[in-house]
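As structure tokens, the structure follows; a few thoughts come after it.
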Amino acid sequence: MTIHNREIADLLHRMADLLDIDGADAFRIRAYRQAAQTVGGLSESLADRVQAGADLTELPHVGERMAEKIKRIVETGRLDQLDRLEEDLPAELSELMQISGLGPKRVKALHQDLGVDNAADLKRALEAHRVQDVSGFGKKTEQTLSERLADREQHEKRTPLMEAEEIAAPLARYLEDIDGVRALTIAGSYRRRKETVGDLDILVTAEDDSPVMDAFVDYEEVGEVVSHGDTRATVMLRSGMQVDLRLLPQAAYGAALHYFTGSKAHNIAVRRMGVERGLKINEYGVFRDDERISGGSEQDVYDAVGLPFIEPELREDRGEIDAAEAGRLPRLIALSDINGDLHSHTDATDGNESLEAMAEAAAARGYAYLAITDHSRHVTVANGLDPERLAEQLDEVDRLNDRLDGRIRLLKGIELDILEDGSLDLPDEILSRLDLRVCSVHYKFDLSREKQTERILKAMDNRHFNILAHPSGRLINERPPYDLDLERVIEGAVERGCHLELNAQPWRLDLNDADSRMAKQMGAKIAISTDAHSGANFDYMRFGIFQARRGWLEPDDVLNTRSLDELQALLKR
DNA sequence: GCCGTTTTCGGCCCGACTGTTTTCAGTCG
């Protein structure tokens with residue numbers, strides 16, 4: 001069984017945590033954490049790289065010794081040094097470190113003084129009020145730990161971006177209405193448009209006498225006030241979302257915006273460039289010899305280190321700094337570049353609205369074209385179309401196109417099922433009458449990596465195959481991606497003149513950011529599609545755009561930025 | 001443990017808040 005990058009990253013993270021608890025050198029610990037981050041963010045399989053004899057030291061934060069360890073992990077599934085650490089420190093201690101308020105020192109104290117090795121032990125120790133007697137702990141700490149532990153049990157997942165927006169928008173409106181509040185930005189992964197958000201980091205500037213800090217903790221949705229100072233406060237909302245508010249001087253707003261937008265790895269890289277130039281960069285500004293020289297805008301920060309502005313979606317330390325230095329930052333795609341939608345359903349199958357209503361909704365968004373891609377017959381639960389019903393729909397599309405009089409052009413399409421043997425579930429005769437065919441895996445998610453890959457590649461051999469829909473099949477927080485050699489699938493798509501979808505449904509966002517970027521680099525074209533089941537669903541497009549931007553996509557990488565003529569040329573194979 | 005057109009040794013981001021201290025350690029972001 002080949003080991004996944006995620007598992008390698010987990011081992012390295014656990015190594016870092018146990019070293020931390022063991023009191024090892026802080027920079028050695030960080031080296032493991034950085035290497036784990038590199039491994040976790042990689043799209044192509046490290047196991048495959050190792051087998052191909054690739055030089056792993058080319059990866060950021062991976063040196064000779066780390067490369068050797070990763071090789072050993074790939075070969076044996078284990079890490080000797082970690083095994084040795086685990087003789088004295090239970091692996092579960094690493095999980096205790098995830099609990100907010102517990103770091104390496106306290107975890108070690110709990111382990112040594114109370115024999116607490118995991119969350120269940122901790123819960124018992126807290127209930128017996130034995131924690132407050134451990135040196136460095138007290139009654140208050142015991143209380144907060146009890147709350148955090150209970151909280152964690154009911155809410156441990158990151159929040160999808162769309163939900164985060166629904167929580168953030170009313171809070172932002174509430175804060176903006178407080179006396180004296182001037183500027184407000186939600187920073188952090190929210191601003192980087194990451195597919196899920198851990199917590200909200202809100203930055204405000206305000207008049208000196210503004211009651212914003214007090215008003216924040218009084219917000220009606222606040223469940224618990226975690227901390228409450230003059231310039232910084234943290235609350236837990238009743239939804240389970242943690243929110244940090246920071247009050248900043250106007251002059252420092254740009255520097256703070258940069259600092260709190262992150263990512264942490266990006267910030268460290270920028271600060272290091274600052275240090276090389278004799279500058280200190282923190283959330284209050286850019287300093288030379290303790291003298292503040294700028295920091296009112298984010299551009300000030302980038303100016304200080306000689307870089308052009310880097311869009312928040314790119315700030316993940318995935319090469320954006322090198323690209324900025326070389327003047328090769330992408331011109332990221334924007335919502336306004338989108339010219340149509342290539343995946344939508346009507347009430348003929350599992351959509352909620354008529355063909356005409358969908359056409360009108362798409363036209364209202366200024367689109368030049370909309371592909372109607374109802375389900376095919378294999379998806380019986382969705383009342384999938386057989387050849388006869390599809391033929392009827394095609395006639396209806398013709399009639400409607402006439403009535404629409406050029407306001408928008410409906411494309412004849414279908415969402416085909418890729419069957420287990422790699423065939424498509426409608427005959428070629430009817431498929432040849434269509435403008436495009438979107439093809440999906442909707443069942444048999446548990447095939448082996450080899451079989452799933454072959455299944456899709458075989459389907460692409462059919463010359464009617466145009467776009468592979470939601471290529472990984474994952475549902476955020478609900479269903480992991482099926483096992484697939486995505487690199488081979490992309491390669492196969494490029495060879496055959498097929499394309500891949502970035503499905504914009506907020507719970508799919510599939511392809512993800514890293515995979516979108518890999519597809520781009522391999523020369524694939526991507527359709528950003530909403531998979532709309534109602535007219536309102538066309539608004540999901542913005543989430544697809546966010547993910548695409550995080551994947552470094554430019555208008556030229558995307559199918560549905562094209563004019564109708566260009567699109568039709570690209571769909572020919 | 002990583003990294004390097006100043007360096008193969010000696011650096012590695014840094015400030016706010018809390019609770020337990022009695023001047024500061026631990027944690028977080």
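First the proteins, then the strands, lettered A, B, ... as listed; each starts at 1.
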Nearest-angstrom distance, [atom1] atom, [N] to [M]:
{"N": "B/dG4", "M": "B/dG15", "atom1": "C1'", "result": "28 Å"}
{"N": "B/dC13", "M": "B/dT18", "atom1": "P", "result": "26 Å"}
{"N": "B/dG26", "M": "B/dT22", "atom1": "P", "result": "14 Å"}
{"N": "B/dA16", "M": "B/dT21", "atom1": "P", "result": "24 Å"}
{"N": "B/dA25", "M": "B/dT20", "atom1": "C1'", "result": "9 Å"}
{"N": "B/dT7", "M": "B/dC12", "atom1": "C1'", "result": "13 Å"}

Between [options], which nucleotide gets closest to the side-chain atoms of [X]?
{"X": "A/Ser227", "options": "B/dG19, B/dC2, B/dT18", "answer": "B/dT18"}
{"X": "A/Thr231", "options": "B/dA16, B/dC13, B/dT20", "answer": "B/dA16"}
{"X": "A/Ile268", "options": "B/dC12, B/dC13, B/dA16", "answer": "B/dC13"}

Determine whether more than 12 heavy atoms belonging to other residues, nucleotides or ligands lie under 6.0 Å from atom [atom1] of [X].
{"X": "A/Arg331", "atom1": "CZ", "value": "yes"}
{"X": "A/Arg182", "atom1": "CZ", "value": "yes"}
{"X": "A/Arg449", "atom1": "CZ", "value": "yes"}

Could you pick out which residue, A/Thr57 or A/Gly229, lies toward the 5' side of DNA chain B when each is mapped onto its nearest nucleotide? A/Thr57
With nearest nucleotides of DNA chain B determined for A/Arg30 and A/Glu64 from heavy-atom distances, which residue corresponds to the more 5′ nucleotide? A/Glu64
Determine the contact category for [X]: base if any of its heavy atoms lies under 4.0 Å from a base atom, sugar-phosphate if only primed atoms, P, OP1 or OP2 are that close, otherwise nothing.
{"X": "A/Thr144", "value": "nothing"}
{"X": "A/Lys69", "value": "sugar-phosphate"}
{"X": "A/Asp25", "value": "base"}

Considering Watson-Crick and G-U wobble pairs with both distances under 3.5 Å, what does B/dT8 pair with? none
N/O donor-acceptor pair under 3.5 Å between [X] side chain and [Y] backbone:
{"X": "A/Ser210", "Y": "A/Glu207", "value": "no"}
{"X": "A/Lys520", "Y": "A/Asp557", "value": "no"}
{"X": "A/Glu224", "Y": "A/Met236", "value": "no"}

Do A/Lys69 and A/Tyr32 have side chains that approach each other closer than 4.5 Å (heavy atoms only, starting at C-beta)? yes
Cation over ring, A/Arg193 on A/Tyr190, under 6.0 Å and within 45°? yes
Would A/Arg292 pass as a cation-pi partner of A/Tyr284, given that its NZ or CZ must be under 6.0 Å from the six-membered ring centre and within 45 degrees of the axis? no
Between P of B/dT20 and CD of A/Glu142, the distance in whole Å: 10 Å
Output the rounded distance in Å from CD (A/Glu224) to P (B/dT18). 12 Å
Mind checking what makes side-chain contact (heavy atoms from CB on, under 4.5 Å) contact with A/Ala24, not counting sequence neighbours? A/Leu19, A/Arg28, A/Ile29
With the threshold set at under 4.0 Å for non-hydrogen atoms, list the residues of residues 269-276 of chain A touching DNA chain B in residue-number order. A/Arg271, A/Arg272
DNA chain B-proximal residues of residues 110-119 of chain A, any heavy atom under 4.0 Å: none
List, one per line, each side-chain donor-acceptor pair under 3.5 Å for residues 263-271 of chain A, sequence neighbours excluded.
{"residue": "A/Ser263", "atom": "OG", "partner": "A/His266", "partner atom": "N", "Å": "3.3"}
{"residue": "A/Ser263", "atom": "OG", "partner": "A/Arg315", "partner atom": "O", "Å": "3.0"}
{"residue": "A/His266", "atom": "ND1", "partner": "A/Glu320", "partner atom": "OE2", "Å": "2.7"}
{"residue": "A/His266", "atom": "NE2", "partner": "A/Tyr302", "partner atom": "OH", "Å": "2.9"}
{"residue": "A/Asn267", "atom": "ND2", "partner": "A/Tyr259", "partner atom": "O", "Å": "2.7"}
{"residue": "A/Arg271", "atom": "NE", "partner": "A/Ile281", "partner atom": "O", "Å": "3.2"}
{"residue": "A/Arg271", "atom": "NH2", "partner": "A/Ile281", "partner atom": "O", "Å": "3.4"}

For a quick test of your reading: what N or O donor-acceptor pairs under 3.5 Å do the side chains of residues 57-68 of chain A make, sequence neighbours left out?
{"residue": "A/Thr57", "atom": "OG1", "partner": "A/Asp55", "partner atom": "OD1", "Å": "2.7"}
{"residue": "A/Thr57", "atom": "OG1", "partner": "A/Asp55", "partner atom": "OD2", "Å": "3.1"}

In B/S/- notation, 5' to 3', how is nucleotides 21-29 of chain B contacted by protein heavy atoms closer than 4.0 Å? -----SSSB
